[in-house]
Amino acid sequence: MATEQATVAEEEYLQTLFWLQEAKLPMTGANVARAMQLSAPTVHEMIGRLERDGYITRAKDKQISFTANGLVHAEGVVRRHRLIERFLTDVLGIPWDEVHEEAERLEHAMSPVLEERMLAAIGDAKTCPHGHPIVAGSRIDGVPLADVAEGAAVTILRFENEAEDLLHYLKDAGIEPGLKGTLTATSDDEVTVTGEDGDTRTITFSVAETVSVLADPSPPSRIALPEQLVLARERYGR
Ligand SMILES: [Zn+2]
Ligand SMILES: [Zn+2]
């Protein structure tokens, strides 16, 4: 039986599972571990708890599925998370690389009335400041920036991983959702996008795997899930 209230930790995992489903990636413990950059044993324990508490089921092949209750719960916490982030950036003026962890704290305690008020306050915005749709099901398919060929036109769609140190890194590099430009250089180490303003923005290949873009010409559709994110900050001193 499902408990009345999911714990904060359980809600974090439900969000990650929801993102995997949204991105059409297999819902497995291994993918949760990669997405959250956590160890397999840690994830294994929490997946067991989610199953006992009635939020998910596990098939013989380890594929995870939401129960009806689990899906409602996951969708709700994801929607509140993205809404809060948008509210914090647009209404309170907090930089977009500083809102993820604030939202993690607030999303568990929000009443439906407050949610309605916040939704009204953000106006026409349809995504969180990192490009994820607030209303489930409206995700635009993209490709990893890392897959794009030199010379292609790109529009940054979304940051698939919202770890706050990663967001700081992307902000420092000048990469943000909505940015349009051309992929001007790519190697096994780094990817460079030149914006329409003529400024170049370089990030590690590993980080570029977590940045979803629209590209023309476009590589085949894919969502990358790197085992370990490499943020080579020292290459960033400008
Ligand atoms: Zn976030
Ligand atoms: Zn976000």
Side-chain angles (χ1 to χ4, degrees), residues 6-25 27 31-38 43 46 73-110 114-115 118-119 121-145 155-179 201 203 206-214 223-226 229 231:
T7 64
V8 167
E10 282 180 318
E11 290 196 338
E12 299 301 334
Y13 278 76
L14 288 175
Q15 283 191 69
T16 300
L17 285 164
F18 189 83
W19 172 79
L20 287 171
Q21 188 179 70
E22 204 178 24
K24 304 185 186 91
L25 287 165
M27 289 165 73
N31 279 350
V32 170
R34 282 180 169 214
M36 298 179 86
Q37 299 275 297
L38 291 172
V43 169
M46 186 59 74
H73 219 96
E75 221 176 272
V77 72
V78 164
R79 186 179 64 242
R80 289 193 296 277
H81 179 91
R82 295 172 180 174
L83 171 61
I84 292 165
E85 286 185 336
R86 177 55 75 183
F87 180 83
L88 294 177
T89 53
D90 288 19
V91 182
L92 300 190
I94 300 174
W96 58 254
D97 60 327
E98 291 173 21
V99 296
H100 175 78
E101 280 173 18
E102 289 292 350
E104 301 260 89
R105 284 190 280 271
L106 296 169
E107 70 204 13
H108 313 287
M110 200 166 141
L114 183 56
E115 188 177 336
M118 264 194 199
L119 199 57
I122 63 162
D124 290 338
K126 296 281 181 273
T127 65
C128 82
H130 317 110
H132 295 270
I134 292 168
V135 175
S138 49
R139 181 181 157 105
I140 300 167
D141 282 335
V143 295
L145 180 61
T155 303
I156 310 291
L157 267 185
R158 184 169 53 236
F159 303 146
E160 301 299 349
N161 187 316
E162 298 196 338
E164 212 155 275
D165 51 350
L166 184 58
L167 295 179
H168 294 322
Y169 173 87
L170 287 160
K171 185 132 202 286
D172 287 349
I175 298 275
E176 64 179 42
L179 179 85
R201 296 145 167 101
I203 56 177
S206 166
V207 170
E209 288 207 283
T210 71
V211 175
S212 285
V213 301
L214 294 175
I223 300 292
L225 201 46
L229 285 166
L231 274 63

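Atoms within a ligand are numbered from 1 in the order they appear, just like the ligands themselves. The chain is numbered in sequence order, starting from 1.
- For the residue pair E164/H100, the side-chain donor-acceptor check at 3.5 Å is not satisfied.
- Sorting the N, O or S atoms of E85 by how far they are from the Zn ion (ligand 2) puts OE1 first.
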Check step by step if salt bridge (charged side-chain N to carboxylate O under 4.0 Å, His left out) holds for R82 and E22. CA-CA 14 Å; R82 295 172 180 174; E22 204 178 24; 2.9 Å; yes
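- Within the coordination shell of the Zn ion (ligand 2), defined by N, O or S atoms under 2.8 Å, H81 is absent.
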Could you give me the CA-CA distance, side-chain angles and deciding distance for E160 and W19, then say whether side chain to side chain donor-acceptor pair (under 3.5 Å) is met? CA-CA 9 Å; E160 301 299 349; W19 172 79; 2.9 Å; yes
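- In the model, E12 has a side-chain atom that pairs as donor or acceptor with a side-chain atom of H108 under 3.5 Å.
- Its N, O or S atom nearest to the Zn ion (ligand 2) is what matters here, and for H130 that atom is ND1.
- Using a cut-off of 2.8 Å, one finds that H132 contributes no N/O/S atom close to the Zn ion (ligand 1).
- The OE1 atom of E162 and the SG atom of C128 meet at the Zn ion (ligand 2) at an angle of about 140°, given to 10°.
- Residue H100 approaches the Zn ion (ligand 1) most closely through its N/O/S atom ND1.
- Between the CG atom of L157 and the CG atom of L214 there is a distance of 4.0 Å, given to the nearest 0.5 Å.
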